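Take a look at the structure set out below.
This is a predicted model, so every value here is computed, not measured. Here is how names work: the chains are called A, B, and so on, in the same order as the sequence lines, proteins then strands, and each is numbered from 1.
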Amino acid sequence: MTALQVSVWRGGADGRLQAFEVPRYPSQTVLDVVTHIQRKIDPSLAYRYACRVGMCGSCAMTVNGVPRWTCRTHVDRVAKDGTLELRPLRNLPIVRDLVADMRTFFDKWERARGHFEGGATRADDFARVAPESPARQAADAGIECIGCGVCYAACDVVRWNPDYLGPAALNRAWTLITDVRDTKTAERLRAIAGDAGCHACHTHTSCTERCPMHLSPTASIAGLKRAVTKAALEGKL
Amino acid sequence: MLWIVQRASAAVLALCVTVHLVTIVYAVRGGLTAADIFARTRGSLGWLAFYTLFVLAVAVHAPIGLRPVLTEWLGWRGRTREWFVAAFGVALAWLGMRAALVVFR
């Protein structure tokens, strides 16, 4: 059994990398490595995870310079020379060690009006939405976001312009604008237009490249730009 | 709105740049001298109108593109940035129209 050389960020923004040696196992994930360190070597290591199966979106970290979900990232794939460097997600404040403060990330979902606002009451019948309709297909393409923050950490525009809402919040807004049951399209378009919204995106596609769910926030943002343009020309903004 | 204006001006520029480059290549390959070119452009309202459109599209397009560059690279925001990019647009329009008028007169 060979050993893995792991450098792990310790402390806050002014912290440093600490070296650990972790045994290799077959089918070992990066999250397994972090858990081994915390349970067998240094119980003071702070990190975050819950489901371990790629559903909850809480275990994302920077692995060898790339933001990834760690529970479904195999060591074999990312540590070909037997070394791993683990840091918290970029573009977010560091709480401690591998834990990033996600508040800004989720606050921006709210700024983008990233919550469903329907017009039906409990007295109304169920809405009938054809799964094959173009609007539903567009919403379905972005709906499986798990809120891991990988796209946000990968985004150059977030790094350069901290006000920018970021790929996840804009993707969420797009899934609501394309939801025919939602009633706040104009308000949402106003919330996501402008220098801090969809128009700030430079289409670098880092979010699409890194999204572990293989979504395309880039396509959602392009959809938002089209929707804002259409609404502006029709005088609805 | 700035985004729409920038896309619209980009569409105009795509046409203008193509015509401009094709004209340059045609003039050079045909062996035209500066005097020959001036003979064609002086007094030509068509060329003046074309280059006026070209210059105005540049004067609109470039400052809008410069805005996020100033913010993302220099952290420059607020009213001073808006005045700077507006002045930049006016400067581009002035320099461009000066050149367009030189080949017209």
Please tabulate, one pair per line, the N or O donor-acceptor pairs under 3.5 Å between chain A and chain B.
from	atom 1	to	atom 2	distance (Å)
A:D195	OD1	B:R67	NH1	3.2
A:D195	OD2	B:R67	NH2	2.8
A:H202	NE2	B:E72	OE1	2.8
A:H202	NE2	B:E72	OE2	3.0

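Within a 6.0 Å sphere centred on CD of A:E187, other residues, nucleotides and ligands contribute more than 12 heavy atoms.
Contact of A:V228 with chain B is not made at all, since no heavy-atom distance falls under 4.5 Å.
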